[in-house]
Undergrad: 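Handing you a structure now.
Sequential numbering from 1 along the given sequence is applied to the chain's residues.
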Amino acid sequence: MPPRGCVAVGPRGRRLALLPPPLLPLLLLLALRACAARASEITFELPDNAKQCFYEEIAQGTKCTLEFQVITGGHYDVDCRLEDPDGIVLYKEMKKQYDSFTFTASRNGTYKFCFSNEFSTFTHKTVYFDFQVGEDPPLFPSENRVTALTQMESACVSIHEALKSVIDYQTHFRLREAQGRSRAEDLNTRVAYWSIGEAIILLVVSIGQVFLLKSFFSDKRTTTTRVGS
């Protein structure tokens, strides 16, 4: 499973030269530590009557978190199942819109988690999941030392935690925005079809009324037949 992409220096990386020299190693260390976190964040299409599984090698004693949410499709629900290397079910939920599950690996091996849309026969789903393996390493190798951190190190740790919270909030709001857009587009489609249907019904009723009124005022000619003696 590919790790989450991370770029230490972007297109505007030349702005780093405007910062004081002591901040450059700290910023680079912060970026490298962010890249070191092992996590997978994927959004994929799940067709109707389909099942999609993912696999991850996990060492014993590693803490993991699986979080998922259905973005588009049907009633925004999906089946989720998580199994350990021996096939023992650790987590199983049916027709869930979103959920989060945290566990600690009991043994080494390949863990499997699957998303199923087999109960749906018409609609496909768009599913987002974030699978985090292990905890973030300390920002500084000597962060757990007995002596206190320097003011610069404490500031970097605070910035690092704040940036992680910002990433989580951004992901949450992006998912909500995508789900809201999907609901709005679905509602717009239904309104459009309903409007077209009403227009067709109104046209048929109007034409029928015209022919009905015309039949009331049309002259009815009677034919008289004489029978001779």
Side-chain angles (χ1 to χ4, degrees), residues 1-6 34 37-136 161-191 193-194:
M1 186 174 296
R4 182 183 303 172
C6 185
R38 184 182 173 190
S40 299
E41 190 175 5
I42 298 177
T43 302
F44 66 97
E45 296 286 339
L46 185 61
D48 54 284
N49 292 317
K51 182 179 180 180
Q52 183 71 43
C53 295
F54 300 87
Y55 303 85
E56 182 71 29
E57 287 285 341
I58 304 176
Q60 183 178 1
T62 304
K63 185 178 180 181
C64 308
T65 300
L66 172 63
E67 182 178 0
F68 68 92
Q69 179 174 345
V70 182
I71 303 176
T72 62
H75 296 287
Y76 302 91
D77 52 356
V78 73
D79 296 342
C80 182
R81 182 186 180 98
L82 174 65
E83 299 178 359
D84 67 359
D86 296 331
I88 300 175
V89 178
L90 303 178
Y91 172 83
K92 181 180 179 181
E93 289 292 341
M94 310 294 290
K95 297 184 178 181
K96 293 284 291 187
Q97 295 184 351
Y98 58 88
D99 201 4
S100 178
F101 176 68
T102 301
F103 68 98
T104 301
S106 59
R107 64 194 69 227
N108 298 328
T110 303
Y111 286 73
K112 179 178 73 171
F113 56 99
C114 302
F115 299 95
S116 174
N117 192 32
E118 294 174 329
F119 58 87
S120 178
T121 56
F122 298 102
T123 59
H124 71 281
K125 310 290 176 62
T126 302
V127 182
Y128 161 86
F129 75 85
D130 183 11
F131 191 69
Q132 299 180 359
V133 179
E135 299 180 352
D136 291 337
E161 296 298 328
L163 287 176
K164 289 197 299 183
S165 299
V166 169
I167 292 175
D168 291 338
Y169 279 117
Q170 286 181 337
T171 302
H172 174 70
F173 283 113
R174 279 199 300 267
L175 293 176
R176 290 191 60 182
E177 188 271 338
Q179 191 177 70
R181 188 192 316 119
S182 175
R183 291 179 183 271
E185 291 176 352
D186 182 58
L187 180 61
N188 179 67
T189 302
R190 294 185 181 183
V191 170
Y193 286 150
W194 182 258

Undergrad: Would you please name every residue forming a salt bridge (Lys or Arg N to Asp or Glu O under 4.0 Å) with E83, sequence neighbours left out?
TA: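 Counting only residues at least two positions away or on another chain, E83 forms a salt bridge (Lys or Arg N to Asp or Glu O under 4.0 Å) with R81, K112.
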Undergrad: Where do A105 and I58 come nearest, in terms of heavy atoms and distance?
TA: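 Heavy-atom minimum between the residues: CB-CG2, 3.6 Å.
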Undergrad: In chain order, what residues pass the ring-ring contact (aromatic ring centres under 6.0 Å, His included) check against Y111, with sequence neighbours excluded?
TA: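 Partners of Y111 by the ring-ring contact (aromatic ring centres under 6.0 Å, His included) criterion, ordered by chain and then number, come out as F103.
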Undergrad: If you take all heavy atoms of S106 and Q60, which pair is closest and at what distance?
TA: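 Distance-wise, the nearest heavy atoms are O-NE2, 3.3 Å.
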Undergrad: Got more than 12 heavy atoms from elsewhere within 6.0 Å of NZ, K63?
TA: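 No.
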Undergrad: I want to check something: taking the side chain as every heavy atom from C-beta on, are D48 and N117 in contact at a cut-off of under 4.5 Å?
TA: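 Result yes, sub-4.5 Å side-chain heavy-atom pair found.
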Undergrad: For the residue pair K125 and G73, what are the closest heavy atoms and their distance?
TA: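 K125 and G73 have their closest heavy atoms at CD-O, 3.2 Å.
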Undergrad: The criterion is ring-ring contact (aromatic ring centres under 6.0 Å, His included); which residues satisfy it with F68, sequence neighbours excluded?
TA: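 Once residues adjacent in sequence are excluded, the partners of F68 under the ring-ring contact (aromatic ring centres under 6.0 Å, His included) criterion are F115.
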Undergrad: Under 3.5 Å, is there a donor-acceptor pair between the side chain of S182 and the main chain of A178?
TA: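 A pair under 3.5 Å: no.
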Undergrad: Less than 4.5 Å apart, any side-chain heavy atom of K95 and any of D79?
TA: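 SC-SC contact between K95 and D79 confirmed.
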Undergrad: Residues in salt bridge (Lys or Arg N to Asp or Glu O under 4.0 Å) with E45, at least two apart?
TA: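 Scan of E45 (salt bridge (Lys or Arg N to Asp or Glu O under 4.0 Å), adjacent residues dropped) gives none.
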Undergrad: Closest heavy-atom contact between T43 and I71?
TA: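 So the minimum-distance heavy-atom pair works out to CG2-CD1, 4.0 Å.
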Undergrad: Partners of N49 by side-chain contact (heavy atoms from CB on, under 4.5 Å), sequence neighbours excluded?
TA: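 Listed in chain order: T121.
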Undergrad: Are R181 and E177 within salt-bridge range, i.e. N to O under 4.0 Å?
TA: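 Yes, this pair counts.
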Undergrad: Partners of F119 by ring-ring contact (aromatic ring centres under 6.0 Å, His included), sequence neighbours excluded?
TA: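 ring-ring contact (aromatic ring centres under 6.0 Å, His included) list for F119, sorted by chain: empty.
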Undergrad: Which residues pass the side-chain contact (heavy atoms from CB on, under 4.5 Å) test with I88, sequence neighbours left out?
TA: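 For I88, the residues satisfying side-chain contact (heavy atoms from CB on, under 4.5 Å) (neighbours in sequence not counted) are D84, D86.
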Undergrad: Run the side-chain donor-acceptor check on residues 166-176: report pairs under 3.5 Å with partners two or more places apart or on a different chain.
TA:
residue : atom : partner : partner atom : Å
T171    : OG1  : I167    : O            : 3.0
T171    : OG1  : R174    : NH2          : 3.4

Undergrad: Which residue pairs pass the disulfide (SG to SG under 2.5 Å) test with at least one member in residues 57-120, sequence neighbours excluded?
TA: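 As it turns out, the disulfide (SG to SG under 2.5 Å) pairs with a partner in residues 57-120, which skip direct neighbours, are C53-C114.
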Undergrad: Does Q52 have any side-chain contact (heavy atoms from CB on, under 4.5 Å) partners at least two apart in sequence or in another chain, and if so, which?
TA: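 Residues passing side-chain contact (heavy atoms from CB on, under 4.5 Å) with Q52: F44, L46, F54.
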Undergrad: Between E41 and Y128, is any side-chain donor less than 3.5 angstrom from a side-chain acceptor?
TA: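 There is such a pair between these side chains.
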Undergrad: Under the rule for salt bridge (Lys or Arg N to Asp or Glu O under 4.0 Å), what residues qualify as partners of E93, not counting sequence neighbours?
TA: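 With sequence neighbours excluded, E93 shows a salt bridge (Lys or Arg N to Asp or Glu O under 4.0 Å) to no residue whatsoever.
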Undergrad: Mind checking what makes side-chain contact (heavy atoms from CB on, under 4.5 Å) contact with Y98, not counting sequence neighbours?
TA: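 Y98: side-chain contact (heavy atoms from CB on, under 4.5 Å) contacts with Q69.
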Undergrad: Rounded to the nearest 0.5 Å, what separation is found between the CD atom of Q97 and the CG atom of D77?
TA: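 It is 6.5 Å, given to the nearest 0.5 Å.
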